[in-house]
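This report refers to the structure that appears directly beneath it.
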Number of protein chains: 2
Amino acid sequence: MDSLDPSSDSAPAEGTRPTLKTIAFMTGLGVTTVSRALKDAPEIGEETKRRVRLVAKQIGYRPNRAGVRLRTGKTNVISLVLDTEEDLTGFVSDMIYGISETIAETPYHLIVTPYSRRNDPMDPVRYVVETGSADGIILSRTEPNDPRVAYLLEHHFPFATHGRTAIGEDHPFHDFDNRAFSAAAVRKLVELGRRRLALLPPPPDLTYHQHMRDGFSDAVQELGATEVAWSGISIDDPIDVIRAKTARLMRRADRPDGLVAASGGATFALVAGIEEAGLTLGSDVDVVSKQSSKLLRWYRPELWISQEDFRLAGREVARAVLGRIEGRPVAALQSLAAPGEVVSCRMPSTT
Amino acid sequence: MDSLDPSSDSAPAEGTRPTLKTIAFMTGLGVTTVSRALKDAPEIGEETKRRVRLVAKQIGYRPNRAGVRLRTGKTNVISLVLDTEEDLTGFVSDMIYGISETIAETPYHLIVTPYSRRNDPMDPVRYVVETGSADGIILSRTEPNDPRVAYLLEHHFPFATHGRTAIGEDHPFHDFDNRAFSAAAVRKLVELGRRRLALLPPPPDLTYHQHMRDGFSDAVQELGATEVAWSGISIDDPIDVIRAKTARLMRRADRPDGLVAASGGATFALVAGIEEAGLTLGSDVDVVSKQSSKLLRWYRPELWISQEDFRLAGREVARAVLGRIEGRPVAALQSLAAPGEVVSCRMPSTT
DNA sequence: CGCGACAGCTGAAACGTTACAGAAAAGACG
DNA sequence: CGTCTTTTCTGTAACGTTTCAGCTGTCGCG
């Protein structure tokens, strides 16, 4: 009964990776049947499916990604578009860990597509879309009218952003509630008796700059405090610049007695600047900072911090792209993370 | 003269990505010729090559990776195998940036293959080798007799390690000269008048634990200082544990007056522990620490630090895998980075 | 003039997968 | 008993690339 045609039914070579053909040969079925059995198609008999699955498991069959990709266009890849300038906060690694957690049980791989802030941020996005090198894209550092978002929407390419845009209803995102953070920070400072407050904000082009400003200004106004204008600075400035500008600010006659910092990394420079100006943290001035890594906690005991969880952000934003790829409605793929409570760094520990 | 056979010479559809067939159609050549022309094969005429290259550029041809991969088995992918436990030093992002720099001008993509320290570290490595999902692997956290290295050598799979093994001659690596670092650290402490020195080492299973110990012990002995034993601790311990253990150490009668710390993140906890024990940095005890991020610089002015450049490490280790993939001799793919000079954090700055 | 060498090109086949159209067997129904 | 339907399975083609073997025409050389 054996087929004598050597072209299609021959036994597969020994040392090579098993393919559908291997299973087909072992089960005596056709390649097509095996393919469908493995994806649990309704037109395959239960008994057959079990047999195929058993053999597949036994010989450790793993579908060849190149084959699938060539045939279907599906890459099973998520591209994380990353700005490769200094990352003082360590947010990138946490984000990657979070993304990894989400895609761990899926067939997706994570591929890092880097670009330099100094080049065109559109480059990596265009590259991925044009070459179809991923099924979905994760963006960070989003701007209110982000051209990358516009481009991706226009090309109907699945993506999710870390941070919102001005066209937020139309695409999946995950964001930290920076408005709530800065408002809570102001509240804490006022509670501490501070009245003249200033903000060390994110770079002005990013969306969350405005969120943080809004939360800050609204809370200041609502609580009857005063906002001390501090312009031409952001947490993305070089660390020495932040220190120098902070020192200059704190030497002004109208200096603030309360500061809110948008990132943990910048806070190191901020505090250094304060001390350089001869002022004492906790008595002359209080500082509330976001932190992502755990290190700020040990910097100065007088600091106040609120935690931002980038691992969570990674998990969420990955969930969002995957959802988008599967065609789920956008509304279900938007989430906001509440800031951690503003807590003191004064040793609350035992041991 | 037009071919009437519709099967192979038909015009390609309008909106789709250009393929070799597209170029073949436009130039009137065969697909094979186009393929060879683009890889500058000697059997294609110069004139033809120019023509093909021009058309390819004009229409923005980019080879389909899945096609290449399916046919040749070449993935053009480098896999970075990453432990997804906390990364306090931010070394992961810098490393990724460095790798990105090296592969930017190559066709390679970087894919992150995560695993948990709590699972089998062999899993990701086996996965990549078995599924052939990358052309090369980058490993970190290498151990003296690293089973992953043994496995990869055995399977003749290209890889490079960040950190050495006990079988270092046989594989490409890049490493930071931890021996030189700890020796320099000891030298600095002795120079500062310290005599009783202790080391906060890397985890004992990693290769560079021994390197750092060796440099430390040798220098201590050579300079006539005393080593204060401090066991059961490493920079990978939870930050609170490090603080608590440091406090305990510094309350001992035979406490050290000089400390060397193997990572910047751990130093935060180390210093916190010292201060918790009621001692003053710079007078009771001096600390020399490695740092990778720039933040430690601002932590305590009395600290001494030596820089480790993980971006450089990423560049080098990527160069090493690529070299291995191209079959270059191993000896040329091993490098050691000299530690940065041990410098004081006392503000040396102007402005 | 004949022959071989060579430059320059070509189509067919294959990599592993899935989509499509269809076939064989078995039961339902008149 | 014949026909129709359903279930279950099958072969072929195609995705885009490279490899293989081979073809054509030109030229050098005896």
Side-chain angles (χ1 to χ4, degrees), chain A residues 1 3 5-10 12-13 16-25 27-52 56 59-76 107 130-133, chain B residues 3 5-10 12-13 16-52 56 59-76 107 130-133:
Chain A
M1 288 309 185
S3 167
D5 177 2
S7 73
S8 66
D9 272 344
S10 57
T16 79
R17 260 184 80 189
T19 71
L20 289 180
K21 203 146 108 190
T22 316
I23 303 179
F25 178 80
T27 54
L29 296 163
V31 173
T32 304
T33 310
V34 174
S35 172
R36 310 188 86 136
L38 286 175
K39 34 181 57 66
D40 205 21
E43 61 267 40
I44 306 293
E46 274 311 318
E47 167 67 15
T48 307
K49 283 185 195 168
R50 267 194 298 276
R51 208 150 49 93
V52 168
I59 65 178
Y61 169 74
R62 293 255 190 52
N64 180 313
R65 309 189 122 232
V68 176
R69 181 165 168 179
L70 182 57
R71 181 64 239 249
T72 65
K74 180 120 210 279
T75 63
N76 285 308
E130 284 173 8
T131 65
S133 57
Chain B
S3 167
D5 175 2
S7 73
S8 67
D9 274 344
S10 57
T16 78
R17 257 184 83 190
T19 71
L20 289 180
K21 203 146 109 188
T22 318
I23 303 180
F25 178 80
M26 292 177 74
T27 54
L29 296 163
V31 173
T32 304
T33 310
V34 174
S35 172
R36 310 186 88 139
L38 287 175
K39 35 180 57 64
D40 204 20
E43 60 265 43
I44 305 295
E46 273 313 318
E47 168 67 14
T48 308
K49 283 185 193 169
R50 267 195 298 275
R51 206 149 51 94
V52 168
I59 64 178
Y61 169 75
R62 295 252 190 55
N64 181 313
R65 309 190 122 233
V68 176
R69 182 165 167 178
L70 182 57
R71 180 65 238 246
T72 65
K74 181 122 210 279
T75 62
N76 286 308
E130 284 171 10
T131 65
S133 58

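Per chain, numbering begins at 1; letters A, B, ... match sequence-line order. For clarity, every value in this text was computed on a predicted model and none was experimentally measured.
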Interatomic distance where CG belongs to B:N76 and C1' belongs to D:dG16 [whole Å]: 15 Å
Between C1' of D:dC9 and CD1 of A:I23, the distance in whole Å: 16 Å
Round to the nearest Å and state the distance from A:N64 atom CG to D:dG16 atom P. 17 Å
Walking DNA chain C from its 5' end, the first of A:A66 and B:I44 to be reached, judged by nearest nucleotide, is B:I44
For the residue pair B:G60 and B:P18, what are the closest heavy atoms and their distance? O-CG, 4.0 Å
Determine the contact category for A:G30: base if any of its heavy atoms lies under 4.0 Å from a base atom, sugar-phosphate if only primed atoms, P, OP1 or OP2 are that close, otherwise nothing. sugar-phosphate
Which atom pair, heavy atoms only, marks the closest approach of A:R17 to B:E130? CD-O, 3.2 Å
Nearest-Å distance, CG (B:D40) to C1' (D:dT18)? 16 Å
Using atom CZ of B:R71 as one end and atom C1' of C:dA12 as the other, report the distance to the nearest whole Å. 11 Å
Distance, rounded to the nearest Å, where B:K21 contributes NZ and C:dT10 contributes P: 15 Å
On DNA chain C, more 5' by nearest nucleotide between A:K39 and B:V34 is B:V34
Look at the side chain of A:L29 and decide which nucleotide, out of D:dT10, C:dT10, C:dG16, has an atom nearest to it. D:dT10
5' priority, DNA chain D, between A:T72 and A:E43 [closest heavy atom]: A:E43
Could you state the atom-to-atom distance from CZ of B:R36 to C1' of C:dA12 in whole Å? 14 Å
Which heavy atom of A:A66 sits nearest to which heavy atom of B:R69, and what is that distance? CB-CG, 3.6 Å
Can any side-chain N or O of B:R51 pair as donor or acceptor with the backbone N or O of B:T27 at less than 3.5 Å? yes
